[in-house]
Amino acid sequence: MNVYITKMNGAPWNPLQYRQWMTAEIAHGLSCREMGIFCYNGNAESGESLRIRLDGIVAGLSWGVDVVVCQFPTGNGQRFERELLNRLKVYQIRIIIFIENSEELVRESEQVRVSEWIGLYNQAEVLIIPSLAMRQFLLDNGIRKDMKFVIREMWDYTMEWNCSPSLQFQREIHFTGGGGIDGINNWNYAVPLKLYADSGVQGQNVHIRSGGTQRELVSGISEGGFGLVWPQNENARKGMEYDTSFDLARYLAAGIPVIVPVGILNQILIEKNHLGLVVESLNEAVTAVEAMEESEYQGYIQSVRRFAPALRNGYYTKKCLVDAVMTICRKDAGEIAAPARIIDSGERNFTYTVLKESYGGNLALSWSYRGKADGFLIYDTLGKLVYETRNINQHYFLIEGYSKEGGFAVKAYMDTLKGKLVVAESTSAYLYEGKCGQVKVSMIIPVYNAEDYVARCIDNVLAQSFPDLEIIVVDDGSTDHTPDIIDWYAGQYLNVIAIHQENGGPAVARNTGIKQAIGEYIGFMDCDDMIRPEMAAELYRSMKKNDCDIAITSVYRIEDSGYKEYVQYPMEEDVAIPVDDFLWMHFSKGLIFSVMVWNKLYRTSFVKERLFPELFIGEDGAWTPYILSYADKICYLNSRLYEYDRSIREKTLETQWQEHSNGERFNLYKRMVTFYLENGNPMRRGFLMELAKYNLMGWKRIYAYDEYEKLWEQMKEKYQ
């Protein structure tokens with residue numbers, strides 16, 4: 001058996017080609033043979049010409065015996081790579097693919113091509129990849145379940161020359177990346193920045209140094225200081241969570257410590273081996289370099305000196321190539337060959353777990369977890385696995401087919417080479433009735449034809465860690481099984497109140513709930529959303545502490561693609577904010593005004609005096625500015641305690657809104673704006689007018705309907 005490795009030839013010199021040449025040279029030391037691939041425009045070549053070219057490339061292979069390590073991408077395009085793999089398959093060659101563009105795979109702009117890459121990678125027996133995170137990404141996107149993986153933990157940077165034996169202590173930063181990075185493009189720090197590419201970067205302390213040859217580049221870097229690894233944009237930052245940086249290897253091989261952003265794949269390795277600084281921002285990096293003493297710097301140098309020989313001699317590459325070949329040859333080889341994953345010792349614990357009876361004879365399990373995890377496992381008390389999820393934001397699960405006497409525990413796990421490592425476990429939860437004392441918070445839920453999801457909504461509120469809670473569910477004339485479901489909950493739980501009325505819209509239903517509420521504070525929830533178990537308790541605590549009229553939480557939006565941050569404010573947390581500061585912030589910061597009513601708690605006496613306008617659609621857009629205009633103080637928690645779920649149903653009031661004609665929609669918007677201008681606090685008329693202008697002129701642009709501008713002119717004349 002011979003082992004071959006592909007190598008790009010004839011390409012313009014670039015980092016990808018340099019990495020492939022370096023990898024091939026290291027492989028030669030393991031007696032691997034070279035399979036040269038000339039770089040050209042493969043997509044423009046005829047089919048006959050491509051077949052002839054491929055016959056020449058594979059001519060020296062032995063049928064059904066040899067192994068080929070394909071370094072992808074080749075630079076010739078996917079058509080060439082696909083045909084190369086097909087030709088190797090014809091020869092029954094065993095294939096290892098060394099993926100060298102994994103950072104590109106996770107870019108949003110490349111998502112349409114992921115399936116094409118997966119199709120290529122599935123032709124291999126073994127994939128060489130940079131991380132367990134990339135392994136999971138590939139599995140989530142269609143890679144074969146029986147695929148074997150080898151982890152290349154770091155890039156090597158082989159060198160045949162010696163670096164300076166004693167680096168000088170210098171407060172300076174080297175950067176071998178390109179421009180286009182905020183903070184580097186306008187570098188104005190006292191610490192010098194040495195750039196090794198002329199990329200148009202300007203600043204008061206920037207020094208452009210020609211990279212020249214690799215020897216000259218490393219020679220310049222090895223003078224002293226720190227090597228900076230920094231992402232160009234958010235896509236690149238995300239890629240650093242999955243892939244290793246070649247610049248990182250170059251700096252360390254040159255003998256200098258590094259500066260990297262928090263979240264980079266090699267962060268723990270850098271921290272544990274004392275190889276440099278891990279920072280949140282460039283400003284933090286510069287501050288740390290300015291404050292550094294020579295003795296501290298020499299400590300980093302000594303750590304790098306111990307670490308760097310492995311990179312300079314190609315040991316990371318040698319190890320992953322040997323592991324990949326052994327995985328090909330041995331049936332008992334593990335699914336993953338990789339260095340041990342270090343699990344940091346950060347705090348992880350379950351702060352709350354509760355089991356409640358749910359509609360239809362089911363059980364609803366809810367939990368709160370703090371700390372890092374890769375997923376959750378749910379077990380019954382006999383040790384049987386009931387459910388597994390990799391959704392680390394999940395906090396609710398409906399258990400079917402178990403008796404009421406059953407108990408359940410939730411375990412948080414991290415992925416390791418030997419499987420899932422449980423890092424935290426909840427106490428066992430059994431059915432808990434709970435008792436509501438004096439009602440302090442009333443949660444109002446309007447429902448209409450919600451039989452598919454209203455039980456989940458009520459389960460979420462019943463699971464609250466706050467005991468003094470009443471749940472008022474107002475059925476707004478449903479014609480499905482919704483009334484039966486909410487009546488069951490009202491009969492099962494003393495703190496659930498079911499009210500039935502003729503259909504009048506969510507505003508009328510909310511007003512009905514407000515009139516019924518007896519709690520000190522009121523919250524609203526839409527029946528297709530979820531809330532975290534600590535929402536009521538946390539907002540109540542903040543309101544009492546700060547004596548506020550309204551408390552707000554940030555929001556997650558749930559889509560088919562997962563959880564996304566939806567509503568956040570640049571506010572100090574858990575302190576009283578004057579409402580005027582909150583209101584004007586929306587315009588001074590250029591924020592979109594959030595009209596939702598459901599991510600807040602309100603003082604009940606404050607709300608009972610100011611009911612919703614009876615609009616069938618858009619009542620929240622009318623009422624929220626109106627109620628805010630009368631508030632005195634607001635407090636905020638950036639804890640994403642409310643979850644706005646757009647994945648559970650297709651038809652919403654939001655989509656119905658868009659189905660109206662221009663004229664119908666205009667009349668709805670007119671009623672909305674007129675309500676908060678006519679009924680809002682006259683002392684805050686200026687804010688309300690700014691909001692009206694923002695809304696009306698924005699809708700004019702969106703719908704290309706001139707009536708909005710005419711209405712704004714009328715509003716100005718009437719109210720200013």
Side-chain angles (χ1 to χ4, degrees), residues 444-450 452-453 474-480 482 501-514 524-529 557 559 566-567 586 592-598 610-629 644-680 687-720:
I444 298 169
I445 309 170
V447 298
Y448 175 74
N449 286 355
D452 292 334
Y453 37 81
V474 183
D475 168 36
D476 190 37
S478 297
T479 58
D480 61 0
T482 298
Q501 64 180 35
E502 293 184 1
N503 183 247
V508 175
R510 288 194 180 110
N511 287 339
T512 299
I514 292 170
F524 300 100
M525 185 176 177
D526 281 358
C527 61
D528 50 355
D529 293 339
R557 180 183 176 109
E559 300 177 352
Y566 183 53
V567 177
H586 290 278
I592 298 175
F593 187 77
S594 53
V595 299
M596 60 282 297
V597 303
W598 30 249
R610 300 173 179 89
L611 299 178
F612 282 79
E614 295 189 359
L615 304 177
F616 204 89
I617 297 179
E619 82 292 342
D620 46 2
W623 186 78
T624 304
Y626 160 65
I627 197 72
L628 285 170
S629 74
Y644 177 58
D645 193 349
R646 296 301 88 191
S647 67
I648 199 168
R649 61 177 175 142
E650 296 180 1
K651 196 76 168 180
T652 64
L653 287 175
E654 182 181 342
T655 57
Q656 292 177 32
W657 182 282
Q658 301 303 322
E659 292 172 358
H660 284 77
S661 68
N662 259 334
E664 292 171 329
R665 193 161 42 229
F666 168 74
N667 287 327
L668 291 170
Y669 279 128
K670 179 179 179 181
R671 293 179 65 189
M672 178 196 305
V673 174
T674 301
F675 175 82
Y676 64 68
L677 284 178
E678 290 185 348
N679 298 283
F687 155 73
L688 296 172
M689 288 294 290
E690 286 290 332
L691 179 61
K693 178 182 178 181
Y694 180 89
N695 283 337
L696 292 170
M697 302 310 291
W699 294 326
K700 180 198 173 184
R701 289 191 299 272
I702 293 171
Y703 301 117
Y705 196 60
D706 292 337
E707 293 300 316
Y708 293 105
E709 186 171 4
K710 294 178 183 177
L711 178 59
W712 167 238
E713 296 298 327
Q714 296 170 11
M715 295 290 187
K716 282 198 300 183
E717 185 176 344
K718 182 175 181 179
Y719 294 109
Q720 284 187 345

Side-chain heavy-atom pair N449, T479 within 4.5 angstrom cut-off
yes

Side chain to side chain contact (heavy atoms under 4.5 Å, CB included) with D526: which residues, sequence neighbours excluded?
R510, D528, D529, W598, Y642

If the threshold is 4.0 Å, N to carboxylate O, is there a salt bridge linking E690 and K693?
no

Pairs where residues 668-678 contributes a residue and the test salt bridge (charged side-chain N to carboxylate O under 4.0 Å, His left out) is met, not counting sequence neighbours
E678-K718

Decide yes or no for F687 and L628: does some side-chain heavy atom of the first lie under 4.5 Å from some side-chain heavy atom of the second?
no

Aromatic plane relationship, F675 with Y626 - under 30° parallel, 30 to 60° tilted, over 60° perpendicular:
perpendicular

Kindly assign one of parallel, tilted or perpendicular to the pair Y644 and Y566, based on the angle between their ring planes and the thresholds 30° and 60°.
parallel

Side chains of D645 and Y453 in contact at under 4.5 Å (non-hydrogen atoms):
no

A side-chain contact here means heavy atoms from C-beta on lying under 4.5 Å apart; do W712 and M689 qualify?
yes

Any donor and acceptor pair, going by atom type alone, linking the side chain of T482 with main-chain N or O of Y448 inside 3.5 Å?
no

Is there side-chain contact between W699 and Y705, with heavy atoms separated by less than 4.5 Å?
no

is_close_aromatic(F524, F612), centroid dist under 6.0 Å
yes

Give, for atom OH of Y708 and atom CZ of R701, the distance between the pair rounded to the nearest 0.5 Å.
12.5 Å

Quick one: pull up CE in M672 and CD in E619 and give me the separation to the nearest 0.5 Å.
8.5 Å

Is it true that, when you exclude E559 itself, more than 12 heavy atoms of the residues, nucleotides or ligands shown sit nearer than 6.0 Å to its CD?
yes

What distance separates I627 CD1 from D620 CG, expressed to the nearest 0.5 Å?
13.5 Å

Of all heavy-atom pairs between V673 and A692, which one has the smallest distance, and what is that distance?
CG1-CB, 3.7 Å

Rounded to the nearest 0.5 Å, how far apart are CG of N679 and CG of L611?
11.5 Å

Does any non-hydrogen side-chain atom of N511 lie less than 4.5 Å from one of I514?
yes

Are K710 and E713 within salt-bridge range, i.e. N to O under 4.0 Å?
no

Could you please spell out the steps behind the side-chain contact (heavy atoms from CB on, under 4.5 Å) verdict for D476 and Q501?
CA-CA 5 Å; D476 190 37; Q501 64 180 35; 3.1 Å; yes

Looking at residues at least two apart in the chain, or sitting in another chain, which of them share a side-chain hydrogen bond (donor to acceptor under 3.5 Å, both in side chains) with S478?
D475

Run F666 and L711 through side-chain contact (heavy atoms from CB on, under 4.5 Å) and show every step you take.
CA-CA 10 Å; F666 168 74; L711 178 59; 4.0 Å; yes

To check you understand the geometry: which heavy-atom pair defines the closest contact between G680 and L688, and what is its length?
CA-CD1, 3.8 Å

